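Take a look at the structure below.
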Amino acid sequence: MKRIFSGMLVVVSLLQLSAQELYMPRNIKRAYEKGTRDISGAPGKNYWQNKGVYNVDVKVDANTKTVSGKETIVYTNNSPDNLNELAIRFVNNLHKPQSPRSGSVSKDFLSAGLKIKSFIVNGEKYDLNSDDWGTVEKVKLKSTLKSKSKAEVKIEWEYPLSVQSGREGQIDPETFYVAYSFPRISVYDDYNGWDMLPHSDRQEFYNDFNDYSFAITAPKNYVVWATGDFLNPEAVLQSEYLKRYKASLKSDKLMHIATEQEMRSGKVTQQNKWNIWKFKANHITDFCFALSNHYVWDAASVQLKTKRASVQAGYKAGAKDFEYYVDWMRYNLDWFSKNWPGVEYPYNVMTAIQGYADMEYPMMINDSSIPDNLQDARLTADHEIAHTYFPFYMGVNETRYAFMDEGWATTLEYLIGIDENGEEKAKDFYKNFRVKKWINDPSAEQDQPIITMSTQVSGSGYGNNSYVKSSLSYLALKDYLGDELFKKALHHYMDNWNGKHPVPWDYFNSMNTGSGKNLNWFFQNWFYTNNYIDLKVAGASQMNDLLTVNVANVGGFAIPFDAVLSYEDGTTEKLHFSPSVWEKDQKLTDLVIPIKKKVKSVKLDGDLFMDYSPEDNSKTFESS
């Protein structure tokens with residue numbers, strides 16, 4: 001038997017709560033004052049964001065390992081500001097020897113970086129030397145880009161693929177993951193202006209919602225997988241493989257579109273020296289692609305509420321885990337759509353490529369192979385596909401606030417893992433892989449507030465803030481509100497910011513409005529403090545038909561927990577207490593529990609919310 005104590009012990013109306021105001025940085029506060037964001041959690045009446053329409057022709061030379069291209073960007077300045085400069089972001093300059101990075105790299109990671117061949121704005125040519133460019137650089141405009149006006153930017157460029165593949169580069173000498181492959185206009189937003197934070201290879205990304213049309217020139221016998229809709233399969237595939245591909249778009253069953261032998265034999269693609277593969281994706285934060293002349297190509301599709309989505313995988317023959325990927329991903333798209341977050345998968349395709357990154361991209365994932373642990377392999381896929389919603393559906397600034405996407409992907413990975421592996425296995429994985437290292441490490445960097453900007457937290461402290469503590473906060477809030485109200489509030493937040501750029505305060509305010517509760521005490525507790533998890537039984541007594549347990553919250557986080565009662569007759573009972581017990585006093589709570597027989601001992605168990613010092617979580621009563 002499990003009794004639920006959720007708010008019954010401490011009932012405090014919202015009117016009795018002091019309306020605690022959460023700290024906002026001055027720039028965020030100014031955005032609220034300007035009306036670009038609203039205290040309700042919704043975008044403000046003056047909200048705006050800029051947009052680019054990208055037409056990109058890109059060529060990958062498999063012999064020289066060079067990516068070259070030319071692009072036209074029609075950039076709309078929806079801001080109220082006249083812009084005298086453009087910030088150009090090229091993440092792959094991370095590979096230049098002089099670029100700042102979060103850790104050491106091998107020689108095979110290093111390359112010469114981006115070479116700008118030409119740069120034209122509204123017909124005016126610019127003489128640029130990109131030799132000293134980092135991952136983001138400003139270009140002073142010859143003519144001001146006025147508010148509510150457009151500019152046409154044309155760039156011609158090339159760069160080498162790094163030998164060592166991480167988030168992009170050469171997976172093997174004939175397989176390439178081509179991500180962050182084109183110069184783009186960095187985000188200009190309502191709270192920071194130009195996003196000039198350099199990419200360091202730890203924090204992730206922040207991009208505008210743009211429209212992308214790509215024409216990818218690939219060598220004969222190379223298949224291309226990419227973000228977006230595949231526009232011209234008839235032009236690049238031979239008839240048998242075109243037939244298989246089209247059949248996969250309507251099939252629930254795994255189809256082998258091409259084997260390694262078929263890929264190498266020259267049967268799959270049109271036998272031109274070069275083939276041009278065309279893809280298009282609108283209102284999306286990024287575009288990437290991969291190509292190989294020997295990867296196995298599997299595919300199927302899954303029927304969702306309003307559409308059938310294609311699911312594809314490209315991998316090295318013999319990768320046992322990737323043989324399951326299409327079926328796993330079909331399950332992902334269906335489960336995430338129907339359960340958590342319960343929002344239909346928003347795109348037409350999802351593709352997995354075997355690489356080394358364990359990294360998400362819009363409509364694509366680049367995962368390492370874990371053939372000897374299929375549960376781990378599947379949870380990796382779960383996590384990366386969960387990122388569809390955070391940051392891609394939501395447009396999160398991962399660079400500054402990684403917990404806004406990694407924490408949610410970790411939570412969704414756990415929730416779908418319960419369905420896939422059973423609750424016990426899912427909990428064991430979450431505790432061992434996510435929580436244990438953090439809670440058992442008492443060093444100062446582990447207890448930095450989650451709200452700390454992600455670029456200011458390094459090492460494992462970054463990972464624990466971004467993935468572990470933030471995920472625990474979302475699960476604690478789910479416990480506090482209950483599934484129904486939590487989902488209602490979450491959907492309110494997602495509806496507010498789908499296709500836009502939320503910051504943490506938009507999340508806080510949206511959840512307050514969506515739940516109809518003032519949750520600021522909870523957000524203050526979880527996001528603004530140096531708290532950790534450590535409960536203690538400070539005292540306990542039983543008299544007549546009442547057991548009183550004094551629980552000290554030594555660590556400070558407002559967590560849910562169970563009290564396990566062992567009775568003298570050998571029976572046990574588990575009682576659940578939600579974070580509501582900490583709403584009035586976050587340091588001490590008294591559990592007053594009706595009992596009908598003598599209690600031998602009481603033990604506190606946080607389950608996923610692992611305790612730093614579990615040895616003081618129990619009390620044994622002397623026998624009468």
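Just so it is clear, the structure is predicted and the values come from calculations on it, not from any experiment. Note that these values count all heavy atoms, side chains included, but never hydrogens, waters or copies made by symmetry. All residue numbers in this chain count up from 1 along the given sequence.
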Taking [X] for the side chain and [Y] for the main chain, is one N or O donor matched with an acceptor at less than 3.5 Å?
| X | Y | result |
| --- | --- | --- |
| Asp172 | Thr175 | yes |
| Thr135 | Phe90 | no |
| Asp298 | Gly314 | no |
| Ser337 | Leu333 | yes |
| Asp108 | Gln164 | no |
| Thr76 | Asn78 | no |
| Arg184 | Ile88 | no |
| Asn77 | Asp81 | yes |
| Ser118 | Ile155 | no |
| Asn93 | Leu114 | yes |

Geometric class of the [Y]/[X] ring pair [parallel <30°, tilted 30-60°, perpendicular >60°]:
| X | Y | value |
| --- | --- | --- |
| Tyr361 | Tyr180 | tilted |
| Phe279 | Phe230 | parallel |
| Trp497 | Tyr47 | perpendicular |
| Tyr474 | Trp408 | parallel |
| Tyr401 | Phe403 | perpendicular |

query = Are Tyr345 and Tyr347 near enough that their ring centres are under 6.0 Å apart?
reply =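 That pair passes the under 6.0 Å test.
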
ask   = Centres of the Phe182 and Tyr54 rings: under 6.0 Å?
value = yes

request  = In sequence, state the C-alpha distance, the side-chain angles, and the governing distance for His387 and Glu406, and then conclude on side chain to side chain donor-acceptor pair (under 3.5 Å).
outcome  = CA-CA 8 Å; His387 275 300; Glu406 295 295 358; 3.0 Å; yes

Assess the side chains of [X] and [Y]: does a donor N or O sit below 3.5 Å from an acceptor N or O?
| X | Y | result |
| --- | --- | --- |
| Trp48 | Asp190 | no |
| Asp61 | Thr66 | no |
| Ser165 | Glu168 | no |

For the student: nearest non-hydrogen atoms of [X] and [Y], plus distance:
| X | Y | answer |
| --- | --- | --- |
| Pro346 | Thr388 | CD-CG2, 3.6 Å |
| Pro183 | Ile116 | CG-CD1, 4.3 Å |
| Lys500 | Gln49 | CA-OE1, 3.3 Å |
| Tyr462 | Glu204 | OH-N, 4.4 Å |
| Tyr126 | Val139 | CD2-CG1, 4.0 Å |
| Pro160 | Ala112 | CG-N, 4.0 Å |

Aromatic [Y] / basic [X] pairing, under 6.0 angstrom, 45° off normal:
| X | Y | value |
| --- | --- | --- |
| Lys487 | Trp340 | yes |
| Lys70 | Trp157 | no |
| Arg378 | Tyr331 | yes |

request  = Decide yes or no on side chain to side chain donor-acceptor pair (under 3.5 Å) for Thr285 and Asn207, but give the supporting numbers first.
outcome  = CA-CA 5 Å; Thr285 57; Asn207 297 311; 5.3 Å; no

ask   = Any side-chain heavy atom of Leu141 sitting closer than 4.5 Å to one from Leu86?
value = yes

request  = State, with a plain yes or no, whether a side-chain heavy atom of Ser68 is found less than 4.5 Å away from one of Val58.
outcome  = no

Pair Lys278-Asp57, salt bridge (Lys or Arg N to Asp or Glu O under 4.0 Å): steps then yes or no = CA-CA 9 Å; Lys278 295 183 179 181; Asp57 294 303; over 6 Å; no

If the threshold is 4.0 Å, N to carboxylate O, is there a salt bridge linking [X] and [Y]?
| X | Y | answer |
| --- | --- | --- |
| Glu234 | Lys246 | yes |
| Asp334 | Lys338 | yes |
| Lys267 | Glu240 | no |
| Lys51 | Asp208 | no |

message = Does Ser213 form a side chain to side chain donor-acceptor pair (under 3.5 Å) with Lys280? I'd like the steps, not just the answer.
response = CA-CA 4 Å; Ser213 295; Lys280 184 174 179 60; 3.1 Å; yes

task = Output, in order, the C-alpha distance, side-chain angles, deciding distance and verdict of side chain to side chain donor-acceptor pair (under 3.5 Å) for Ser454 and Arg400.
result = CA-CA 5 Å; Ser454 299; Arg400 290 176 180 268; over 6 Å; no

message = Let's go through Asp201 and Arg167 carefully: what are the C-alpha distance in whole Å and the side-chain angles of both, what is the deciding distance for salt bridge (Lys or Arg N to Asp or Glu O under 4.0 Å) to 0.1 Å, and is it a yes or a no?
response = CA-CA 9 Å; Asp201 209 25; Arg167 288 172 172 155; 3.5 Å; yes

message = As a quick check of understanding, evaluate salt bridge (Lys or Arg N to Asp or Glu O under 4.0 Å) for Arg89 and Asp195, giving each step before the final call.
response = CA-CA 9 Å; Arg89 184 171 291 277; Asp195 175 33; 3.2 Å; yes

task = Assess whether atom NZ of Lys154 is packed by more than 12 heavy atoms of other residues, nucleotides or ligands within 6.0 Å.
result = no

message = Within the supplied structure, the quantity of interest is the number of heavy atoms (other residues, nucleotides, ligands) at a distance under 6.0 Å from Lys115 NZ; does it exceed 12?
response =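 Check fails, neighbour count at 12 or below.
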
message = Using salt bridge (Lys or Arg N to Asp or Glu O under 4.0 Å), reason through Glu344 and Lys305 one step at a time and then give a plain yes or no.
response = CA-CA 7 Å; Glu344 185 177 8; Lys305 185 176 180 180; over 6 Å; no

key: Residues Phe214, Phe287; criterion ring pair (Phe, Tyr, Trp, His ring centres under 6.0 Å); working and verdict   = CA-CA 9 Å; Phe214 264 69; Phe287 183 99; 3.8 Å; yes

query = Given Tyr159 and His95, is the ring pair (Phe, Tyr, Trp, His ring centres under 6.0 Å) satisfied, shown in steps?
reply = CA-CA 10 Å; Tyr159 76 95; His95 293 275; 8.3 Å; no

